[in-house]
Number of protein chains: 2
Amino acid sequence: MKPQILIVEDDPQIRRFLRATLEAEGYRFHEALTAAEGIAQAAARHPDLVLLDLGLPDGSGMDVIREIRGWSQMPIVVVSARGQERDKIEALDRGADDYVAKPFSVGELLARMRAAMRRALPQAGVSAGENFRFGEIEVDLQGRVVRIAGNDVHLTPNEYRLLQVLIQHAGKVVTQRQLLNEVWGPQHTEQAQYLRVYVAQLRRKLERDPARPKHLQTEPGVGYRLIVD
Amino acid sequence: MKPQILIVEDDPQIRRFLRATLEAEGYRFHEALTAAEGIAQAAARHPDLVLLDLGLPDGSGMDVIREIRGWSQMPIVVVSARGQERDKIEALDRGADDYVAKPFSVGELLARMRAAMRRALPQAGVSAGENFRFGEIEVDLQGRVVRIAGNDVHLTPNEYRLLQVLIQHAGKVVTQRQLLNEVWGPQHTEQAQYLRVYVAQLRRKLERDPARPKHLQTEPGVGYRLIVD
DNA sequence: CCCTTTCTTAACGCGGCTTTCACACGCGTT
DNA sequence: AACGCGTGTGAAAGCCGCGTTAAGAAAGGG
């Protein structure tokens, strides 16, 4: 199940931008335009993370933090145009998990969101967790379990690490050297044969038709790429 | 008891600055000048938070994050001169809790440290509860008593300690290093043999069929996991 | 001080994982 | 056509991690 984000933001332009960003990442999300609605939706939907703008019209975003913290430890990442130190300190001390000032980089925002959600997982034993899905394949990154159409698939340590690295760069090409370095260490960046063997093994275990891979594709002369729909 | 901070930083000037800052806040702290020493001290002292500089002389600070995350969830706040986006993303994805780029404001750094430590607190909440149950096994965390189907089972100190750590992370994988660090201390994180012996003993005492464990499962190449129904 | 319990260390078998090799295939070049 | 190159595949061999047992050392209690 993909993480569900609640966006609390009144500026239509920023909202559109966040919407596009989260959509591209595959997150599910809902939007609230006011502080009151933000609190209500946070209570109703139990999102995996709240993206909160501090400059809301009907009251300070600080109230949203205080209100939510009264009954939940859900991750709250503040996104604000105001970069003043005292705003940051107040928001963080009231219980926000992170504070990203505009203008911010998309990659950093997403990384900070991932970090906040990762931390929240252990204590909330109920929540499904940060699973990664592509096609009928589901990877439970916390539990280290891979399921294909619901059935558990056993991966060896190296196979799993290889898949992990590919997931980290999902959609993008990962060079052979990079894969070898991450999985086998810097001493083995020349052993491209390892990759051929293990990519084949992964395909046999994950792909419906290993000879015509749908997800784990070869980039000849460069590396491999994990296709996510 | 005041929080204890571990500073991992080679630059004497920044170290002096951090020292003065933390002292003024009333934090206790220790210092490590290299990555290796930082890892060792993190294991030995169990600080409440690690302040980590990424630009260390004897290897990347990234290794420190990866190493510590192998056996502990302690808060790690990166303090770095490098403010590049990819550094931030990499550090956060490897398990850092926050990333503060120099030049930073003192107040913000302290607020982010407080936020990171506040989040870490609830983790200790498991042992405070009442009895822990899984299957026909019941663990009285107060009385340090284990019963299986009503009958008392005697566990040695190390056996109980090992079970305790697994219960604290029930359902999740606990790495070998983490278990070794929690039960035998930071000096013995390489003695995986201890684990094999004691896991076998625990299984013989707790599992109905020790050869096919239902609760105390092995995660090959990683660690062990306590399955709770 | 002796006896019991617990911890540490070593040895060994087993199974599975990793590594390595051999070879087939597609493709572009000679 | 033949060759080189990068890639995919199957299988064999060796290694390594894990589980198990046992014996000696250390610790603790009478």
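Quick note on labels: first sequence line is chain A, next is B, and so on, each numbered from 1.
- Annotation: side chain of A:Y27 is in contact with side chain of A:M113 (closest heavy-atom distance under 4.5 Å).
- Side-chain contact between A:F104 and A:V79 is present, with at least one heavy-atom pair separated by less than 4.5 Å.
- For B:R144, the CZ atom sits in a packed shell: over 12 heavy atoms of surrounding residues, nucleotides or ligands are nearer than 6.0 Å.
- Residues A:D152 and A:V145 form a side-chain contact, since some pair of their non-hydrogen atoms from C-beta on lies under 4.5 Å apart.
- We find that CD of A:Q217 is positioned 15 Å from C1' of D:dG8, with the value rounded to whole Å.
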Restricting both atoms to N or O, compile the protein contacts to nucleotides 28-30 of chain D shorter than 3.5 Å, with distance only.
none

> Can you give one letter per nucleotide of nucleotides 20-27 of chain C, going 5' to 3': B for a protein heavy atom under 4.0 Å from the base, S for sugar-phosphate only, - for none?
Replying inline: BBB-----
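- B:N131 and B:E138 are linked by a side-chain donor-acceptor pair at a separation below 3.5 angstrom, with hydrogens and angles left out of the test.
- One atom, CZ of B:R203, and another, P of D:dT21, lie 13 Å apart when rounded to the nearest Å.
- Using a 4.0 Å heavy-atom cutoff across all strands shown, B:Y160 reaches no nucleic acid atom at all.
- OP1 and OP2 of D:dG6 both lie 4.0 Å or more from every side-chain N or O belonging to A:R196.
- Residues from residues 176-184 of chain A placing a heavy atom under 4.0 Å of any atom in DNA chain C, listed by number, are A:W184.
- Under 4.0 Å is where a charged nitrogen must lie from a carboxylate oxygen, and between A:R19 and A:E23 no such pair does.
- With salt bridges taken as basic N to acidic carboxylate O contacts below 4.0 Å, none links A:R112 and B:D93.
- Legend: residues meeting ring pair (Phe, Tyr, Trp, His ring centres under 6.0 Å) with A:Y198, ordered by chain and number and at least two apart, are A:W184.
- For B:P213, the side-chain contact (heavy atoms from CB on, under 4.5 Å) test picks out B:R203, B:E207, with sequence neighbours left out.
- We find that B:R118 and B:D97 are not joined by a salt bridge, their nearest charged nitrogen and carboxylate oxygen being 4.0 Å or further apart.
- Distance CD (A:E159) to C1' (C:dC17): 9 Å, rounded to an integer number of Å.
- Using a 4.0 Å cut-off between charged nitrogen and carboxylate oxygen, B:E31 and B:R15 count as a salt-bridge pair.
- Residue A:Q201 contributes atom CD, which lies 17 Å from atom P of D:dT7 at whole-angstrom precision.
- Contact check, A:Y224 against D:dG6: no side-chain N or O comes under 4.0 Å of OP1 or OP2.
- Atom-to-atom, CG of B:L195 to C1' of D:dT20 comes out at 15 Å; the value is rounded to the nearest Å.
- Side-chain atoms of A:K205 come within 3.5 Å of backbone atoms of A:H154 as a donor-acceptor pair (strictly under, hydrogens ignored).
- Regarding A:L162, its CG atom lies at a distance of 15 Å from the C1' atom of C:dC17, rounded to whole Å.
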Give me, pair by pair, the N or O atoms of the protein and of nucleotides 4-6 of chain C that are less than 3.5 Å apart, along with how far apart they are.
from: C:dT6; atom 1: OP1; to: B:H154; atom 2: NE2; distance (Å): 2.4

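- Between B:E136 and B:R147 there is no salt bridge, since none of the side-chain N atoms of the basic residue sits less than 4.0 Å from a carboxylate O of the acidic one.
- Under 4.0 angstrom from either OP1 or OP2 of D:dT9 there lies no side-chain N or O belonging to A:R204.
- Summarising the local packing, CZ of B:R28 is surrounded by more than 12 heavy atoms from other residues, nucleotides or ligands at distances under 6.0 Å.
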